[in-house]
Amino acid sequence: MNLNNSRLREKSIVLIGFMGVGKTTIGEMVAKKLYRDFIDIDQEIEKEYNMATSEIFQNIGEKAFREKEKNVISAFSKQSLKIISVGGGAFLQEEIRKVCLEHCIVIYLDLSWESWKERISLIIDSRPVLQGRSIEEIEELFYSRKPIYSLHNSKVETDNLEACEVADYIVDSLKLAWDLHEPQ
Ligand SMILES: Nc1ncnc2c1ncn2[C@@H]1O[C@H](COP(=O)(O)OP(=O)(O)O)[C@@H](O)[C@H]1O
Ligand SMILES: O=C(O)C1=C[C@@H](OP(=O)(O)O)[C@@H](O)[C@H](O)C1
Ligand SMILES: [Mg+2]
């Protein structure tokens with residue numbers, strides 16, 4: 001993990017990666033293990049609109065969702081000691097990439113297309129971005145998003161790992177980085 005900044009231990013952690021890789025599930029586990037607050041940006045937006053993400057896309061539109069996503073992430077990323085899971089499209093916005101990379105530790109959860117395909121049935125109904133797209137179009141979107149996730153402090157290859165195993169790996173890696181950089 002290539003990080004160099006004081007107060008590393010206090011920086012919030014942001015999980016990025018394509019939809020369905022486990023950012024929300026694993027983020028919640030990491031937060032529990034580190035006794036930190038968990039913030040899921042989609043859930044914060046859904047609370048604000050009192051609607052599911054797919055309804056927001058349908059009733060208010062993706063443009064408004066993206067604007068809200070930028071504002072909510074900008075606010076939380078400047079707070080410390082949080083575990084933040086952002087949506088898979090958040091890093092499409094340069095402002096979001098900048099504010100997260102400036103204030104937080106950004107961890108990229110990577111998953112191969114072959115493994116991700118096995119998970120599609122779990123998420124298809126709640127991801128409006130996937131709806132109405134053929135598997136070929138989804139594969140194209142999957143690879144087209146890769147460049148935005150390349151901007152990170154650390155990457156975790158999650159293939160063949162249970163969510164709890166990924167969470168344990170992240171916690172152990174963070175503790176190592178904190179101790180190496182700022183011995184207690
Ligand atoms: N490492 C994993 N192995 C198998 N299934 C997983 C793993 N991580 C998450 N999942 C499952 O994949 C689905 C999407 O997880 P979620 O946390 O919502 O992903 P994201 O927030 O990245 O879209 C959920 O059904 C979750 O239980
Ligand atoms: O990739 C995307 O554009 C999106 C991913 C979703 O979050 P998850 O990555 O948590 O599914 C959610 O923000 C919205 O459906 C848009
Ligand atoms: Mg999520």
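Just follow the structure's listing: the first ligand is 1, and inside any ligand the first atom is 1.
- Note on R66 versus E62: salt bridge recorded, some NZ/NE/NH1/NH2 to OD/OE distance being below 4.0 Å.
- For atom 3 (N) of ligand 1, the closest heavy atom belonging to the protein is R119 NH2, 3.2 Å.
- Taking the six-membered ring where the residue is Trp, F142 and F18 present perpendicular rings, their angle passing 60° and hence far from 30°.
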Under a 3.5 Å threshold, I'd like every N/O contact between ligand 2 and protein atoms, with atom names and distance.
{"unit_1": "ligand 2", "atom_1": "1 (O)", "unit_2": "G89", "atom_2": "N", "d": "3.2"}
{"unit_1": "ligand 2", "atom_1": "1 (O)", "unit_2": "R145", "atom_2": "NH1", "d": "2.9"}
{"unit_1": "ligand 2", "atom_1": "3 (O)", "unit_2": "R66", "atom_2": "NH2", "d": "2.7"}
{"unit_1": "ligand 2", "atom_1": "3 (O)", "unit_2": "R145", "atom_2": "NH2", "d": "2.9"}
{"unit_1": "ligand 2", "atom_1": "7 (O)", "unit_2": "D42", "atom_2": "OD2", "d": "2.7"}
{"unit_1": "ligand 2", "atom_1": "9 (O)", "unit_2": "K23", "atom_2": "NZ", "d": "2.7"}
{"unit_1": "ligand 2", "atom_1": "9 (O)", "unit_2": "G88", "atom_2": "N", "d": "2.8"}
{"unit_1": "ligand 2", "atom_1": "10 (O)", "unit_2": "D42", "atom_2": "OD2", "d": "3.4"}
{"unit_1": "ligand 2", "atom_1": "11 (O)", "unit_2": "R127", "atom_2": "NE", "d": "2.6"}
{"unit_1": "ligand 2", "atom_1": "11 (O)", "unit_2": "R127", "atom_2": "NH2", "d": "3.2"}
{"unit_1": "ligand 2", "atom_1": "13 (O)", "unit_2": "D42", "atom_2": "OD1", "d": "2.8"}
{"unit_1": "ligand 2", "atom_1": "13 (O)", "unit_2": "D42", "atom_2": "OD2", "d": "3.1"}

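- Between S173 atom OG and N153 atom CG the span is 12.5 Å, to the nearest 0.5 Å.
- Taking a 6.0 Å sphere around CD of E137, one finds it holds more than 12 heavy atoms contributed by other residues, nucleotides or ligands.
- Nearest non-hydrogen protein atom to atom 9 (C) of ligand 1 is G22 CA, 3.6 Å.
- Here the options are L81, L174, I105, the test is side chain to side chain contact (heavy atoms under 4.5 Å, CB included), and the partner is K11; only I105 passes.
- Listed by number with element, the atoms of ligand 1 under 4.0 angstrom from any heavy atom of A163 are 1 (N), 2 (C), 8 (N).
- The structure places CZ of R145 at 12.5 Å from CD of E140, a figure rounded to the nearest 0.5 Å.
- For atom 27 (O) of ligand 1, the nearest non-hydrogen atom of the protein is T25 OG1, 4.1 Å.
- E46 and T53 form a side-chain donor-acceptor contact under 3.5 Å, judged by distance and modelled atom types alone.
- Legend: side-chain hydrogen bond (donor to acceptor under 3.5 Å, both in side chains) pairs involving residues 103-112, not counting sequence neighbours, sorted by first then second residue: Y108-D110, D110-K146, S112-S115, S112-D159.
- Distance check, rounded to the nearest 0.5 Å: CE of M51 to CG of N59 gives 5.0 Å.
- Proximity annotation for atom 20 (P) of ligand 1: of G20, S85, G87, S126, G20 comes nearest, heavy atoms only.
- Interface atoms of ligand 1 facing M19, defined by a heavy-atom separation under 4.0 Å, are 23 (O).
- The Mg ion (ligand 3) has T24 OG1 as its protein N, O or S neighbours under 2.8 Å.
- Ranking protein heavy atoms by distance to atom 13 (C) of ligand 1, first place goes to I123 CG2, 3.9 Å.
- One finds a salt bridge joining K70 and E67 here, because a Lys/Arg side-chain nitrogen approaches an Asp/Glu carboxylate oxygen to under 4.0 Å.
- Between K68 and D42 there is no salt bridge, since no side-chain N of the basic residue sits under 4.0 Å from a carboxylate O of the acidic one.
- Taking a 6.0 Å sphere around CD of E10, one finds it holds more than 12 heavy atoms contributed by other residues, nucleotides or ligands.
- Of the candidates I39, I41, L15, I96, V86 forms a side chain to side chain contact (heavy atoms under 4.5 Å, CB included) with just one, namely I41.
- Residue contacts with ligand 1 include V21, since one or more of its heavy atoms lies under 4.0 Å from the ligand.
- Closest protein heavy atom to atom 1 (N) of ligand 1: L161 O, 2.9 Å.
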Got a list of side-chain donor-acceptor pairs under 3.5 Å for residues 163-172, not counting sequence neighbours?
{"unit_1": "E165", "atom_1": "OE1", "unit_2": "E162", "atom_2": "N", "d": "2.6"}
{"unit_1": "D168", "atom_1": "OD1", "unit_2": "K33", "atom_2": "NZ", "d": "2.7"}

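- When the heavy-atom distances from atom 18 (O) of ligand 1 to K23, E118, R127 are ranked, the shortest goes to R127.
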